[in-house]
Amino acid sequence: MCQSKNAKPANAPVNHKGFKSDGTHWASSYDPHDKSVALPSKAQIKASIPKECFERSAVHSMYFVLRDTCWAVLCVYLAHTFLSTTMPAVLSTSFVPWFVGWNLYAFWMGTILTGHWVLAHECGHNAFSTSKTINDCVGYVLHQALLVPYFAWQYSHAKHHRRTNNLVDGESHVPSTREENGVGPNLEKQSHYAWLHEMMGDGFFAGFQIFTHLVIGWPIYLAGFASTGRIGADGKPLGDDVADHYRPFSRMFPSRIRHKIFASTIGVVGLLAYLTKLSFDHGFLPVALYYWGPYMWTNAWLVLYTWLQHNDPSVPQYGEDEWTWVKGALSTIDRPYYIFDYFHHKIGSTHVAHHLFHEMPFYKADVATKAVKEFLGPLYNYDPTPFPIAMWRVASTCHYVDSVEGIQYPRSINDCPPGLVKPKKA
């Protein structure tokens, strides 16, 4: 077990930066300000995991593709058998069952397709099989079917793993700063986001955070308008440049993979064209019911996992002067997802192990997580809070960081004094 000589037991409450595991709210036990805690190396952590956890099998992985596809076929069959694509009159007695039925289909089909998303994610990490060709072929088909530009995502997601919780060169869910959120040095609300909070209040603003993340967050991220890093592939600050996932010449990507970015974008455009043709041939409502409803739920699950895996008021983000790979990887949080672990291949409940060694197949992650937990002790993050409650807490408390330097903890606009609105001087 990796602890300093003065380390507390794994279940002991600790205080740092005002956080405390007091039975009400979970808090991370690691305080990066405590220099007496020696972090293990990547090699030391890997040595604690059984070697068989790194063995990959294309046959074993394809079984899960087949299993998830069978669930999806069953879901479509049930919808086709029991639901009509013709919307009844809103005031009729048949409207409510119709509305509830299609929403149940959208939720469960989206939940099932998130499993396909996770399997494509395995392909992107080369954890699906020992063959890169098989990984990329399967990953391309599964991701492009969900309008994910596979090779573009593969590159940006690899950077997310390389630079986790790095405030300058991280990727995906990189927090904005106090100034970028319109909060002044004395917590006065000076512009945009802070003004929205003043108008909405704490609760509505948390709901707005959930909406922007789960409903529109994924397409906005892919388009390069939110949550991207601050450094381009050329190592220079992005500034006002848009780092999207579609243009081969986007500064997010090095020139050597432009042909792959083009292939991903062609796949997305091709599927959009096909969906458009289906809409003209069979009607926009049937396509929306069968495809776009589940698509929205899949996106919501995807963003929820990434959002909650790396955000908590007690989990730090790091500037370049403080960041190390181990610090970033250990800033990941495992959470319970109950029945959804079955459909989503435990991507949220074994994510610490995955972030440490992404080449490890998901079906070995339980064993690896047990080993990592035993080795890391208090350094292992597991929040037992039910994920809907954890989501509300993160939406209410993790809005910005003070700067992109040093050790930063998420701050909340809720802490800004109400009524203290001072427009920023030009």
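Atom set for the values below is all heavy atoms of this structure, side chains included, hydrogens, waters and symmetry mates excluded.
- Checking Ser403, Pro185, Cys416 one by one against Arg178, the side-chain contact (heavy atoms from CB on, under 4.5 Å) holds for a single residue, Pro185.
- Between His121 and Leu302 the shortest side-chain heavy-atom distance does not fall below 4.5 Å.
- Between Lys132 and Asp136 a salt bridge is recorded (basic side-chain N to carboxylate O distance below 4.0 Å).
- Residue Trp117 forms a ring pair (Phe, Tyr, Trp, His ring centres under 6.0 Å) with just one option from Phe343, Trp301, Trp153, and that option is Trp153.
- Using the six-membered ring where Trp is involved, Phe107 and Phe340 have ring planes that are perpendicular, over 60° apart on the 30 and 60° scheme.
- Counted within 6.0 Å of CZ on Phe284, heavy atoms from surrounding residues, nucleotides or ligands total more than 12; the atom is thus considered enclosed.
- Under the 4.0 Å criterion applied to side-chain N and carboxylate O atoms, Asp169 and Lys159 are assigned as salt-bridge partners.
- Within 6.0 Å of the CH2 atom in Trp108, the count of heavy atoms belonging to other residues, nucleotides or ligands exceeds 12.
- A heavy-atom distance below 4.5 Å is not found between the side chains of Val268 and Val148.
- Classification of Asp402 and Arg411 as a salt-bridged pair holds, one side-chain N sitting under 4.0 Å from a carboxylate O.
- Ring to ring, Phe151 and Phe262 are not that close: their centroids are 6.0 angstrom or more apart.
- Relative orientation of the Tyr380 and Tyr382 rings is parallel, given thresholds of 30° and 60° on the angle between their planes.
- Using a 4.5 Å cut-off on side-chain heavy atoms (C-beta onward), Leu214 and Leu304 make contact.
- Residues His173 and His310 form no side-chain contact, since every pair of their non-hydrogen atoms from C-beta on lies 4.5 Å or further apart.
- The side-chain heavy atoms of Met199 and Phe204, taken from C-beta on, include no pair separated by under 4.5 Å.
- Counting heavy atoms from C-beta on, the side chains of Gln44 and Phe375 come closer than 4.5 Å.
- Of the options Ser29, Ser28, Ser314, a side-chain hydrogen bond (donor to acceptor under 3.5 Å, both in side chains) to Asn381 is made by Ser28 and by none of the others.
- You'll find the side chain of Tyr155 reaches within 4.5 Å of the side chain of Pro254, heavy atoms only.
- Remark: aromatic rings of His80 and Tyr290 are distant, center separation not under 6.0 Å.
- Ion pair Arg230/Glu180 flagged as a salt bridge, since at least one NZ, NE, NH1 or NH2 atom sits closer than 4.0 Å to an Asp/Glu carboxylate oxygen.
- No side-chain donor-acceptor contact under 3.5 Å links Asn181 and His192.
- In this structure, the ring of His125 has its center less than 6.0 angstrom from the ring center of His354.
- Within the 4.5 Å cutoff, side-chain heavy atoms of Gln209 are placed close to those of Tyr193.
- Ion pairing of Lys364 with Glu52 is absent here, as no side-chain N (NZ or NE/NH1/NH2) approaches a carboxylate O to less than 4.0 Å.
- A salt bridge links Asp312 to Arg393: one of the charged nitrogens lies within less than 4.0 Å of a carboxylate oxygen.
- For the atom pair Leu289 CG and Met109 CE, the distance stands at 13.0 Å (nearest 0.5 Å).
- Electrostatic pairing of Arg163 and Glu320 counts as a salt bridge here, judged by a charged N lying under 4.0 Å from a carboxylate O.
- Ring planes of His213 and Trp307: parallel class, angle under 30° (limits at 30 and 60°).
- Remark: the Trp297 side chain and the Tyr105 side chain contain no N/O donor-acceptor pair separated by less than 3.5 Å.
- Side-chain atoms of Thr164 and His355 include a donor-acceptor pair closer than 3.5 Å.
- With a 6.0 Å radius and a threshold of 12 heavy atoms from other residues, nucleotides or ligands, Tyr338 has its OH atom above the threshold.
- For the residue pair His245/Ser156, the side-chain donor-acceptor check at 3.5 Å is satisfied.
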